[in-house]
Enquirer: 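Here you go, one structure.
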Amino acid sequence: MKTGKIKKIRLNTKSKKNRVPREFFIRDVLDVAPEILGYKLVQKNQNSITAYSISEVEAYRGEEDLACHARRGKTPRTRVMYETGGVLYVYLIYGMHWMLNIVTGEKNNPQALLIRGLKGVSGPGRLTNALDIDGAFNGLDITSSEKIWVEKNYIENKRVTTYPRIGVDYAGEYYSNIPWRFVLE
DNA sequence: TCAATGATTTTG
DNA sequence: AAAATCATTGAT
């Protein structure tokens with residue numbers, strides 16, 4: 001069918017044009033975090049494309065960060081955090097909630113950004129439920145995937161506020177209080 | 001305030 | 001092989 005074909009081509013062109021490239025993610029997670037707020041997390045389903053504005057993220061930064069899963073080194077689960085930035089780290093927590101993270105930084109520097117909120121969807125578990133994201137997305141490269149990617153978006157008078165991360169009381173005085181949660185106001 | 005719920009990691 | 005941990009959520 002002709003119309004269907006034309007539509008598909010237009011969508012693909014748009015995604016390639018606006019997609020955030022790998023270089024964006026191969027930087028320190030603390031630089032990526034405030035910048036990615038307001039950017040669009042874009043997902044392609046059958047025929048439709050939906051874009052969600054990223055509103056809240058948390059930074060997890062290296063083996064020295066006692067709240068980071070990589071604090072005890074590389075394991076089967078944390079392996080993907082050691083990859084070059086731009087891939088997804090998706091894991092199950094509390095036996096029921098999938099958490100969506102984007103790996104950042106250079107290879108073998110385990111960092112990740114937990115996506116905690118999108119405009120209209122708050123809570124990291126509710127977010128993955130809404131977007132139908134599960135373990136099958138683990139390791140997916142968002143700089144080349146046709147299913148999910150990030151697009152740049154300019155926000156006028158953008159204001160970012162930082163807070164301590166949620167649910168990391170076990171991480172010791174310093175890392176449980178460090179303001180590595182970033183919220184778009 | 002606490003139960004649900006199961007993969008991952010440690011041996012608490 | 002068994003026990004503990006856990007980037008949450010929703011109901012009581």
Side-chain angles (χ1 to χ4, degrees), chain A residues 20 24-41 43 52-142 148-150 160-185:
Chain A
V20 170
F24 178 83
F25 299 107
I26 310 183
R27 293 184 299 147
D28 194 294
V29 67
L30 296 177
D31 293 329
V32 178
E35 216 170 306
I36 204 171
L37 291 177
Y39 280 24
K40 307 282 188 177
L41 179 64
Q43 186 179 41
Y52 306 84
S53 176
I54 299 172
S55 60
E56 180 178 352
V57 299
E58 276 178 2
Y60 290 86
R61 188 169 181 265
E63 295 180 345
E64 69 272 23
D65 176 3
L66 298 181
C68 181
H69 285 174
R71 65 188 176 278
R72 295 197 195 79
K74 194 187 280 192
T75 66
R77 182 177 64 160
T78 62
R79 198 194 77 256
V80 64
M81 290 187 78
Y82 289 78
E83 307 259 327
T84 305
V87 298
L88 297 181
Y89 169 42
V90 181
Y91 66 91
L92 188 69
I93 191 67
Y94 301 119
M96 54 184 101
H97 303 296
W98 293 103
M99 298 290 105
L100 173 64
N101 297 251
I102 301 175
V103 173
T104 67
E106 304 277 356
K107 187 172 175 65
N108 292 324
N109 183 352
Q111 306 185 334
L113 209 52
L114 170 68
I115 311 299
R116 284 196 67 89
L118 304 172
K119 189 174 180 184
V121 192
S122 51
R126 303 181 66 190
L127 174 166
T128 52
N129 190 49
L131 303 209
D132 229 29
I133 287 170
D134 61 17
F137 284 72
N138 191 40
L140 195 69
D141 183 350
I142 56 165
I148 189 167
W149 62 91
V150 175
V160 175
T161 311
T162 60
Y163 305 89
R165 294 170 293 182
I166 302 283
V168 295
D169 294 345
Y170 60 86
E173 179 71 18
Y174 182 75
Y175 283 106
S176 66
N177 293 309
I178 199 163
W180 284 355
R181 179 159 63 102
F182 300 76
V183 181
L184 182 65
E185 301 304 322

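So that the names make sense, note that chain A is the first sequence line, chain B the second, and so on, each numbered from 1.
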Enquirer: How long is the line joining CD1 of A:I166 and C1' of C:dC6, in whole Å?
Expert: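 The answer, rounded to whole Å, is 15 Å.
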Enquirer: Please tabulate the protein-to-nucleotide N/O contacts below 3.5 Å involving nucleotides 2-4 of chain C, giving atom names and distances.
Expert:
none

Enquirer: Which residues, if any, of residues 106-119 of chain A bring a heavy atom under 4.0 Å of DNA chain C?
Expert: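 Close to the strand are A:L114, A:R116.
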Enquirer: Is there a side chain to side chain contact (heavy atoms under 4.5 Å, CB included) between A:N108 and A:K74? Walk through the geometry before answering.
Expert: CA-CA 9 Å; A:N108 292 324; A:K74 194 187 280 192; 4.1 Å; yes
Enquirer: Closest heavy-atom contact between A:V121 and A:L127?
Expert: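 Shortest heavy-atom separation between A:V121 and A:L127 comes out as CG1-CA, 3.7 Å.
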Enquirer: Among residues 54-76 of chain A, which residues get a heavy atom nearer than 4.0 Å to DNA chain B?
Expert: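 The stretch gives A:R72, A:T75, A:P76 as the residues lying under 4.0 Å from the strand, ordered by number.
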Enquirer: Would you list the pairs meeting salt bridge (charged side-chain N to carboxylate O under 4.0 Å, His left out) in which at least one residue belongs to residues 108-124 of chain A, sequence neighbours left out?
Expert: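 Counting only pairs at least two positions apart or across chains, the salt bridge (charged side-chain N to carboxylate O under 4.0 Å, His left out) contacts touching residues 108-124 of chain A are A:E56-A:R116, A:E58-A:R116.
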Enquirer: To the closest 0.5 Å, what do you measure between CD1 (A:I115) and CG (A:L131)?
Expert: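 Separation between the atoms: 10.5 Å.
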Enquirer: Go through residues 120-128 of chain A and report each residue with a non-hydrogen atom lying under 4.0 Å from DNA chain C, sorted by number.
Expert: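 Heavy-atom cutoff 4.0 Å gives A:G123, A:P124, A:G125, A:R126.
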Enquirer: Under 3.5 Å, is there a donor-acceptor pair between the side chain of A:T75 and the main chain of A:T78?
Expert: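 It does hold such a pair.
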Enquirer: Would you say the ring centroid of A:Y89 lies under 6.0 angstrom from that of A:Y60?
Expert: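 Centroid separation for A:Y89 and A:Y60: 6.0 Å or greater.
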Enquirer: Hey, does the side chain of A:R165 reach the backbone of A:Y175 with a donor-acceptor pair shorter than 3.5 angstrom?
Expert: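 Side chain of A:R165 to backbone of A:Y175, a donor-acceptor pair under 3.5 Å: yes, one is there.
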Enquirer: With a non-hydrogen cut-off below 4.0 angstrom, is A:R165 in contact with a base, only sugar-phosphate, or nothing?
Expert: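 No contact at all - A:R165 keeps every heavy atom at 4.0 Å or more from the nucleic acid.
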Enquirer: Assign C:dA7 to syn or anti; the rule is syn for a glycosidic angle within 90° of 0 and anti otherwise.
Expert: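 For C:dA7, whose glycosidic angle is within 90° of 0, the conformation is syn.
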Enquirer: Answer yes or no: is there a donor N or O on one side and an acceptor on the other, between the side chain of A:N129 and the main chain of A:G125, under 3.5 Å?
Expert: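 The answer is no, because no donor-acceptor pair under 3.5 Å joins these two groups.
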Enquirer: Which pairs with one or both residues in residues 77-89 of chain A pass salt bridge (charged side-chain N to carboxylate O under 4.0 Å, His left out), sequence neighbours excluded?
Expert: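 For residues 77-89 of chain A, and leaving out neighbouring residues, there are no salt bridge (charged side-chain N to carboxylate O under 4.0 Å, His left out) pairs at all.
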Enquirer: I'd like the 5' and 3' limits of the part of DNA chain B contacted by chain A, with heavy-atom contacts below 4.0 Å.
Expert: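 Reading along DNA chain B, I get B:dA4 to B:dT10.
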Enquirer: Please give me every residue in residues 131-141 of chain A whose heavy atoms get under 4.0 Å of an atom in DNA chain C, ordered by residue number.
Expert: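 Per residue number, the list is empty: none.
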Enquirer: Of the residues in residues 91-99 of chain A, which ones touch DNA chain B at a heavy-atom distance under 4.0 Å?
Expert: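 Contacting residues: A:Y94, A:G95, A:M96.
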Enquirer: Suppose we screen for side-chain contact (heavy atoms from CB on, under 4.5 Å). Which residues come up paired with A:Y94, at least two apart in sequence or across chains?
Expert: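 A:Y94 satisfies side-chain contact (heavy atoms from CB on, under 4.5 Å) with no other residue.
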Enquirer: Of all heavy-atom pairs between A:P164 and A:S176, which one has the smallest distance, and what is that distance?
Expert: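 Taking A:P164 first and A:S176 second, the nearest heavy atoms are CB-O, 3.9 Å.
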Enquirer: If you compare all heavy atoms of A:I148 against all heavy atoms of A:I133, which two are closest, and at what distance to 0.1 Å?
Expert: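 That would be CD1-CD1, 3.9 Å.
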Enquirer: Considering only atom P, compute the distance from B:dG12 to C:dC6 and round it to an integer number of Å.
Expert: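 It works out to 15 Å between them.
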Enquirer: Show the nearest heavy-atom pair for residues A:F182 and A:A59, with the distance to one decimal.
Expert: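 Shortest heavy-atom contact: CE1-CB, 4.3 Å.
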Enquirer: With side chain to side chain contact (heavy atoms under 4.5 Å, CB included) as the test, would you mind laying out the steps for A:Y82 and A:V80 before giving the verdict?
Expert: CA-CA 5 Å; A:Y82 289 78; A:V80 64; over 6 Å; no
Enquirer: At their closest point, which heavy atom of A:T128 faces which heavy atom of A:W98, and how far apart are they?
Expert: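 Residues A:T128 and A:W98, closest heavy atoms: OG1-O, 2.7 Å.
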Enquirer: Show me the dot-bracket string of DNA chain C, counting Watson-Crick or G-U pairs under 3.5 Å, with | for pairs to another strand and [ ] for crossing ones.
Expert: ||||||.||||.
Enquirer: Mind running a 4.0 Å heavy-atom check of residues 171-185 of chain A against DNA chain C and sending the residues that fall below it, in number order?
Expert: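 Residues of residues 171-185 of chain A under 4.0 Å from DNA chain C: none.
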Enquirer: State, to 0.1 Å, how close A:I102 and A:I36 come at their nearest heavy-atom pair, and which atoms those are.
Expert: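 So the two residues come closest at CD1-CD1, 4.1 Å.
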Enquirer: A:S122 side chain to A:G117 main-chain N or O, any donor-acceptor pair under 3.5 Å?
Expert: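 A pair under 3.5 Å: no.
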